[in-house]
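Small disclaimer: the values here were computed from a predicted structure and weren't measured. A, B, ... follow the sequence lines: proteins, then strands. Residue 1 opens every chain.
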Amino acid sequence: MAYSDKVLDHYENPRNVGVLDKDDPNVGTGMVGAPACGDVMRLQIQVSEEGIVEDAKFKTYGCGSAIASSSLVTEMVKGKTLDEVAEIKNATIAEELALPPVKIHCSVLAEDAIAAAIADIKAKREAQSSQKESA
Amino acid sequence: MSSLNIPIYLDYSATTPVDERVAAAMAECLTMQGNFGNPASRSHPFGWKAEEAVETARRNVAELIGAVPKEIVWTSGATESDNLAIKGAAEFNQKKGKHIITMKTEHKAVLDTCRQLERDGFEVTYMDPLENGLLDLEAFKKEIREDTTVVSIMHVNNEIGVIQDVAAIGAITREKGIIFHVDAAQSPGKVAIDVDAMNIDLLSLCAHKVYGPKGIGALYVRRKPRIRLEAQIHGGGHERGMRSGTLPTHQIVGMGESFRIAREEMAAENERMRALRDRLWDGVKDMEEIYLNGDLEQRIPGNLNISFNFVEGESLIMSLKDIAVSSGSACTSASLEPSYVLRAIGRNDELAHSSIRFTMGRYSTEEEVDFTITKVREAVEKLRELSPLWDMHKEGIDLDSVEWAHH
Ligand SMILES: Cc1ncc(COP(=O)(O)O)c(C=O)c1O
């Protein structure tokens with residue numbers, strides 16, 4: 001199967017590979033997929049007090065399109081507010097990478113990873129504020 | 001100094017290039033000046049000459065497997081041979097019984113044929129292999145029933161290269177009076193076949209895995225005791241009624257020549273393959289978390305099938321773009337299913353998703369193997385750096401204890 005130049009570029013030079021401290025209150029972690037399905041994505045975002053994504057890191061087990069989708073997402077989320085990040089849809093990712101139909105699930109997984117990372121940071125912040133209230 | 005031809009071909013179990021000697025023989029059977037006649041034409045020398053070439057090829061194929069030429073039926077390849085053998089024998093003997101035994105690690109040409117027979121009212125038992133890929137003979141004996149008419153077990157597995165003990169299976173089926181079919185598409189030139197000593201009744205062959213052309217194969221059909229088949233392709237009654245259709249002289253001559261060469265060069269070639277295979281395995285076996293799939297001893301020399309844990313097969317193949325290999329995981333199809341052969345030998349999904357099959361052949365060199373070792377090590381290291389599963393493994397997390405969000 002032929003890969004698009006964009007996929008090859010992200011696959012060969014993946015952006016923002018790495019790990020953020022998942023216990024940091026300002027870090028949201030989303031891990032989606034399953035080894036049995038052949039892909040697992042871990043997306044982490046570092047979010048400022050004002051709700052701006054300052055940094056993002058990923059690691060992905062999966063095919064080239066899955067790796068490229070998550071690499072692209074780390075670039076897309078930086079500098080955006082959480083609300084803006086939540087607006088990123090799989091179709092945008094698929095279009096940007098010119099994914100063929102059989103690889104659309106990779107972009108869906110990337111969207112899921114974003115949602116999971118946002119949910120994680122929101123849960124952390126809620127837990128924090130309720131702690132403050134009760135203190 | 002380097003004479004590497006990139007990309008390097010290490011997928012000889014998928015198909016082989018045609019040997020130059022074979023191509024030359026085939027080229028002589030096409031044009032007006034060549035041997036183009038219809039082997040079935042009885043009324044002129046064009047037909048006689050073509051028939052002679054076909055019969056020479058038939059002898060060459062028969063000789064490699066210890067058969068007599070009359071027992072060879074030409075087909076379009078191993079898929080057709082498997083269909084003709086299993087459907088033909090099951091249908092012919094259906095008054096006697098409708099039970100078939102095969103294995104879960106068979107090629108789709110056998111498995112899908114059996115599925116079709118199930119739809120037609122036959123009953124099929126699909127045996128699990130042992131962890132090394134081989135058939136458990138004791139378990140097999142227990143599955144044999146009064147109404148079992150056909151047993152179909154492959155000789156050499158196309159993915160993991162393990163060699164079944166067909167002689168032991170044949171001894172059992174012969175004693176019970178059951179027809180024994182063997183898919184030997186991957187065997188010629190790699191493992192000796194003797195249909196009499198092994199008590200094989202039907203044997204599927206093809207040319208394109210032995211440096212012959214694609215689109216030609218044969219089915220060995222035993223004459224003593226005589227095995228009878230229901231024909232699957234009807235027409236002019238060629239091949240003693242078992243497979244109609246004008247014989248493709250050039251294809252048949254190519255198959256015959258490739259089998260002749262295989263017979264003559266098998267011993268030397270196998271030694272060379274074993275050295276290359278060991279060189280490749282020695283070059284990677286110290287890597288962490290890699291698993292050899294299938295028995296190392298009961299295996300053809302040119303095959304290595306390795307799972308690189310925590311790395312996904314398709315991305316590994318993408319990293320190895322200068323090397324033509326195949327992945328157990330059928331990710332390029334929409335199915336995203338890990339190799340059913342590796343699942344059947346008990347590999348978990350991760351390992352089944354992370355396998356690469358390297359198959360070497362006549363034109364493989366030490367230089368190519370060394371290049372492959374370097375590239376594989378680099379690619380696996382790079383992908384593990386990217387892999388969250390590798391991180392978790394390094395942290396000591398048991399991946400089976402994690403609740404994954406299946407979707
Ligand atoms: C074990 C086995 N059986 C059957 C086949 C099918 O052979 P063919 O492509 O000649 O029909 C193959 C090759 O793909 C094979 O490896």
Side-chain angles (χ1 to χ4, degrees), chain A residues 1-4 7-20 22 29-44 57-71 74 90 99-106 108-113 115-116 119-120, chain B residues 289 307-321 326-339 342-343 347-355 378-395 397-407:
Chain A
M1 187 171 67
Y3 297 94
S4 71
V7 168
L8 283 174
D9 178 36
H10 276 278
Y11 176 75
E12 273 162 20
N13 313 292
R15 331 287 201 260
N16 306 306
V17 176
V19 186
L20 299 171
K22 67 178 189 316
T29 300
M31 182 141 89
V32 294
C37 307
D39 32 32
V40 175
M41 280 182 195
R42 185 177 62 202
L43 174 70
Q44 297 186 297
K57 296 278 184 210
F58 86 97
K59 285 209 179 189
T60 290
Y61 161 89
C63 66
S65 302
I67 290 170
S69 297
S70 33
S71 169
T74 59
N90 79 288
L99 296 182
V102 296
K103 293 299 180 186
I104 296 298
H105 71 275
C106 297
V108 173
L109 202 61
E111 183 186 317
D112 291 351
D120 185 51
Chain B
E289 284 292 322
S307 287
F308 299 88
N309 208 2
F310 314 117
V311 169
E312 192 271 336
E314 190 182 333
S315 61
L316 185 52
I317 284 198
M318 198 170 162
S319 281
L320 298 175
K321 62 180 186 310
S326 78
S327 166
S329 66
C331 282
T332 39
S333 73
S335 66
L336 280 175
E337 273 170 22
S339 154
L342 297 185
R343 293 295 288 127
R347 290 298 192 215
N348 64 23
D349 283 319
E350 287 100 292
L351 287 177
H353 264 300
S354 71
S355 73
E378 280 172 12
V380 170
E381 194 175 325
K382 174 191 154 168
L383 290 169
R384 282 184 175 166
E385 272 309 301
L386 274 175
S387 168
L389 304 182
W390 180 246
D391 277 357
M392 292 166 81
H393 166 70
K394 285 283 161 186
E395 285 165 27
I397 298 170
D398 173 12
L399 295 182
D400 290 335
S401 70
V402 177
E403 280 216 22
W404 300 100
H406 285 264
H407 57 108

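For chain A, the option among B:L383, B:V402, B:L399 with the highest count of heavy-atom pairs below 4.5 Å is B:L383. Between chain A and the options B:N348, B:D349, B:L386, heavy-atom pairs under 4.5 Å are most frequent for B:L386.
To the nearest 0.5 Å, atom CD1 of residue A:I67 and atom CD of residue B:E314 are 10.0 Å apart. From B:M318, atom CE reaches atom CG of A:L8 across 4.5 Å, with rounding to the nearest 0.5 Å. Atoms CD and NZ, from A:E12 and B:K382 in turn, are 6.0 Å apart once rounded to the nearest 0.5 Å.
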Report the C-alpha distance between A:M31 and B:M392 in whole Å, list the side-chain angles of each, state the deciding distance to 0.1 Å, and finish with yes or no for side-chain contact (heavy atoms from CB on, under 4.5 Å). CA-CA 12 Å; A:M31 182 141 89; B:M392 292 166 81; 3.7 Å; yes

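When heavy atoms are compared at a cutoff of 4.5 Å, A:V17 approaches chain B solely by way of its side chain, counted from C-beta outward.
Taking the centre and axis of the six-membered ring of A:Y11, the NZ or CZ atom of B:K321 falls outside the cone set by 45° and 6.0 Å.
Of the options B:L351, B:L389, B:N309, a side-chain contact (heavy atoms from CB on, under 4.5 Å) to A:P35 is made by B:L389 and by none of the others.
Applying the 6.0 Å contact sphere to CD of B:E378 captures more than 12 heavy atoms from other residues, nucleotides or ligands.
No side-chain donor-acceptor contact under 3.5 Å links B:E312 to the backbone of A:Y61. No side-chain donor-acceptor contact under 3.5 Å links B:S315 to the backbone of A:G64.
Side-chain contact between A:R42 and B:D391 is present, with at least one heavy-atom pair separated by less than 4.5 Å.
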